[in-house]
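Encoded as structure tokens, the structure appears first; notes follow it.
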Amino acid sequence: MTTLVYCGHCGREAIDGNHDDCRQALTMEPPRYCDQCRRRMIVQVHPMGWSARCSVHGGLSSERP
Amino acid sequence: MNDILEVAREQVLERGIGLSQEQLVEVLRSPDEMLDDLLALAHEVRVKWCGEEVEVEGIISLKTGGCPEDCHFCSQSGQFTSPVRAVWLNIPELVAAAKETAATGATEFCIVAAVRGPDARLMSQVKAGIEAINAAVEINIACSLGMLTQEQVDELKAMGVHRYNHNLESARSYFGDVVTTHSFEERWATCLMVRESGMELCCGGLVGMGESLEQRAELAAQLAELEPHEVPLNFLNPRPGTPFGDMEIMAGKDALRTIAAFRLAMPRTVLRYAGGRELTLGDLGTREGLLGGINAVIVGNYLTTLGRPATADLDLLADLKMPVKELQKTL
Ligand code: SF4
Ligand SMILES: [Zn+2]
Ligand SMILES: [Zn+2]
């Protein structure tokens, strides 16, 4: 289990301020920043899901139905 | 107060003639107390002139981000500090997306690229993509690849593209506040070429970008003039980093009045819910719009943001007893 260092939505440090709106936003869009290193990820959205990949920390994806 | 509804009933419902720009302004200015009657009339118009069926479509981004244009609402412009990175989808993923879309019962699959217009590389990717999709699944293929030359229109037609999307985005009088890297007239020219080609023209726009009600009516009237087969209606979803990123989300009632106005401007068009409805309308508003003039939806996700799960929309259509349009088999 890795701890989340950065916010996947806004890219700021997770402990820097309040990310409630970001968490809300992440129900309607994929994360854009890697939560380990805050690099912008390569994100692809499909009709039924999405995938996001950091060049250093690898990929995340929604579950395919 | 109800004059405009009476006029619309006689003119649009009975005779199938869309409202003029001035009449649309009246519709958009109508009070909240009139909204239910307005939506009910727009629904009657839709059922009379289009039928009960709802057209279901899925969309996919073939080339995301890095666009040279500066449409102020768009997270895919390379001119803003948007977090969306440029990326291309490969053909196997494109085919997988088409199959996922067809599995929902959708009849339309639209391939979209964030470009000013297609170059040779994009055209050849699209050609290869269409061939691969056609070999794998039965679905109508639409494209949205920006501004076209006549040669490109002909090429896409020859590839079997059945519908082409190119939005006006906003009214002519407001366009310069939304886009500075190309003109309304350039967009209009592509739309005309597409329509002449025999491909179906899909042409819509966005509302909630700071335009006046008069300009919203103007957009509907300008779309009506083009007589598109389909009109996708987007509500601004303010994207971080874009010039419109801090705009307010449009009020649900204004969005519903806009839906009704578009239907009363274009009684026969396929009027599609495109982006932003989740934010602007929510679940209840989505249902009201489907009972207020909308007769097409995008299922699942959008190009860079997520939509409601496809099942939520399909269940809603079943609940409303609205049949999903089936694929017309070509003989
Ligand atoms: S042309 Fe299309 S992709 Fe490019 S900035 Fe405008 S809306 Fe976005
Ligand atoms: Zn955040
Ligand atoms: Zn990383």
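Letters A, B, ... are given to chains in the order of the sequence lines, protein chains preceding strands, and every chain is numbered from 1.
A salt bridge links A/Glu29 with B/Arg239; the closest basic N to acidic carboxylate O contact falls under 4.0 Å. Using a cut-off of 4.0 Å between Lys/Arg side-chain N and Asp/Glu carboxylate O, B/Glu93 and B/Lys99 are scored as not salt-bridged. Ion pairing of B/Asp313 with B/Arg277 is present here, as a side-chain N (NZ or NE/NH1/NH2) and a carboxylate O approach within less than 4.0 Å. A salt bridge links B/Glu108 and B/Arg163; the closest N-O separation between the charged side-chain nitrogens and carboxylate oxygens is under 4.0 Å.
Interface check for chain A: of the options B/Ile59, B/Leu303, B/Thr304, the most heavy-atom pairs under 4.5 Å are formed by B/Thr304. Most heavy-atom pairs under 4.5 Å with chain A: of the set B/Pro83, B/Ser61, B/Gly241, this distinction falls to B/Pro83. When each of B/Val299, B/Thr101, B/Val84 is scored by its heavy-atom pairs under 4.5 Å with chain A, the top score falls to B/Val84.
Neither the backbone nor the side chain of B/Ser75 comes within contact range of chain A, judged by heavy atoms closer than 4.5 Å. Contact annotation for B/Leu89: both backbone and side-chain heavy atoms come within less than 4.5 Å of a heavy atom of chain A. Proximity to chain A involves both the backbone and the side chain of B/Leu279, based on heavy atoms less than 4.5 angstrom apart. Only the side chain of B/Thr104 comes within contact range of chain A, with at least one heavy atom under 4.5 Å from a heavy atom of that chain. There is no contact between B/Ala103 and chain A, counting heavy-atom distances below 4.5 Å.
Listed here is the closest heavy atom pair of B/Asn234 and B/Ala274: OD1-CB, 3.2 Å.
Here the rule is side-chain contact (heavy atoms from CB on, under 4.5 Å) with B/Ile294, and of B/Ile259, B/Val270, B/Val54, B/Leu256 only B/Ile259 fits it.
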